[in-house]
Amino acid sequence: MVSRVIPVDPFDLVVFGATGDLANRKILPGLYRRFFAGQIPEGARIIGAARTEMDTAAFRAHARAAIDEHVGAGKRDAAQIEAFLGILEYVPIDAMGEGGWTTLKALVRPQLINAFYFSVAPALFGPLAERLHAFGIAAAEARIVVEKPFGRDLASAKALNATLAEHFDETQIYRIDHYLGKETVQNLMAVRFANILFEPLWNAQFVDHVQITVAETVGVGGRGSYYDKSGAMRDMVQNHLMQLLCLIAMEPPYHFDPDAVRDEKLKVIRALQPVLAADIVRGQYLAHRSDDGKGHQPGYLEDAENPDSRTESYIALRVHVANWRWKGTPFYLRTGKRLRARTSEIAITFKEPPHSIFDEADETWRENVLVIRLQPNEGMNLKMMIKEPGPGGMRLVQVPLDMSFAEALGEDGADIPDAYERLIMDVIRGNQTLFMRGDEVEAAWAWTDPIIEGWTARGDRPQGYDAGSSGPEDALMLMHRDGRRWREIRE
Ligand code: BG6
């Protein structure tokens with residue numbers, strides 16, 4: 001299969017916060033990889049802007065270090081890196097003041113596509129938007145890109161939307177949820193809407209339940225005091241897991257078009273029922289001491305630098321989508337830090353056949369499960385019943401129809417671009433399909449707020465769980481009491 005690179009038109013991309021962590025880990029290495037793939041056209045320019053005083057040469061050295069650290073050796077080509085660094089510029093800028101803005105204006109060419117990436121704290125979104133206008137830098141068609149967290153509740157999200165709306169139209173605003181840039185997440189739409197096989201079964205009549213798992217092995221050390229103000233519900237569920245849920249539960253859009261897709265996702269979010277206290281389990285990972293007693297891995301409270309913290313590093317929820325398609329099918333969501341393995345997947349468990357014609361089926365029968373693996377080893381797996389080979393009667397056995405994208409698609413499948421690469425190129429192309437619309441974000445907070453307010457008012461404490469486990473005991477019960485089981489967390 002030949003890798004296809006769809007060229008984009010020349011652009012000026014300004015990255016505010018260009019010396020920050022996200023720019024280092026994702027944005028600059030991602031742009032380099034697109035350059036290496038031949039997707040960045042002649043004449044394009046990437047302009048770093050940040051508070052740090054430095055010149056373009058120093059910024060290029062900084063970008064080179066980011067590439068060395070975060071780009072695989074196979075793509076680190078000395079000549080290509082040199083050429084890429086040649087399209088970088090740097091402007092020291094004062095986001096809250098006047099410094100640097102006229103220099104920036106002189107660099108940004110209004111006749112090209114202009115995109116401004118706000119890789120900065122949300123408190124700076126307003127001042128940046130204001131100055132881009134005041135200094136006449138943002139052309140009428142200019143695009144702005146904003147990162148999560150987009151607010152910490154409905155009121156703050158509304159305020160952010162209102163601030164941006166003062167200077168930019170909704171069609172110019174690209175709110176990033178990097179999960180939407182993951183290859184397999186988009187594949188969810190292809191699997192559902194480009195195949196006739198699944199759609200007739202994709203409803204409460206045939207689907208017993210859905211499990212969405214995003215498990216991580218990392219803790220929050222290093223960003224603990226930030227994370228402690230957020231927690232897994234705000235950090236992961238309100239955005240990433242919510243988006244996954246939407247793609248699974250939504251109706252077919254009339255076209256693969258930004259507003260058609262986002263309209264359908266919005267309907268799902270609005271159909272989410274309030275979550276009962278009994279359907280929520282929160283946890284915090286505990287400190288871990290190695291068997292010899294020497295090694296100590298801090299627990300959440302230590303990482304968060306807050307011994308009294310009630311913030312969750314793990315959450316499991318049973319969620320209902322109250323509409324005709326899904327009435328009666330629970331969606332179980334869970335995500336957490338310091339779990340057994342880093343794995344993200346969606347599992348759709350189908351109901352049992354209405355009648356069994358096989359005598360032994362009662363003992364051997366297992367449900368059909370469609371598993372969509374988001375990471376690692378992106379792919380799909382459909383568990384099916386077949387006859388166990390050999391003589392001796394009709395014995396049934398469950399086998400996986402397994403497809404790893406890396407194997408099925410050869411080189412292309414093994415070389416899947418990072419979510420950020422794809423999303424930045426979509427900004428340049430002007431395609432908003434994989435970005436969240438303002439009303440979507442607000443609806444997600446409207447559902448989230450009462451859940452958080454509920455446990456705050458009740459004074460609930462998260463349950464401790466062992467580092468390297470599958471999460472708190474109570475999360476198992478959330479499933480067991482419904483006669484179901486979580487899938488094992490493993491790579
Ligand atoms: C971020 C969260 O949005 O997503 C992090 O703030 C989390 O806490 C990360 O670790 C997970 O992303 P990925 O792509 O590694 O699954």
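Quick caveat: nothing in here was measured; it's all calculated off a predicted structure. Just so you know, ligand 1 is whichever comes first in the structure, and atom 1 is the first atom listed for that ligand. Both backbone and side-chain heavy atoms feed into the values below; hydrogens, waters and symmetry mates do not.
Every pair passing side chain to side chain donor-acceptor pair (under 3.5 Å) that includes a residue from residues 113-126 is listed here, sequence neighbours excluded: Y117-E147.
The aromatic rings of Y32 and F84 stand perpendicular to each other, their planes meeting at an angle above 60°, with 30° marking the opposite boundary.
By the 4.0 Å N-to-carboxylate-O rule, R422 lies close enough to E183 to be salt-bridged with it.
Here E421 pairs with R33, R34 under the salt bridge (Lys or Arg N to Asp or Glu O under 4.0 Å) rule; sequence neighbours left out. For F150, the ring pair (Phe, Tyr, Trp, His ring centres under 6.0 Å) criterion is met by no residue, not counting sequence neighbours.
Considering Q432, R437, R175 as possible partners of E170, the one that fulfils the side-chain hydrogen bond (donor to acceptor under 3.5 Å, both in side chains) test is R175.
Annotation: ligand 1 has protein neighbours K148, H178, Y179, K182, E216, R223, D235, M236, H240, K337, R342, Q375, each with a heavy atom less than 4.0 angstrom from the ligand.
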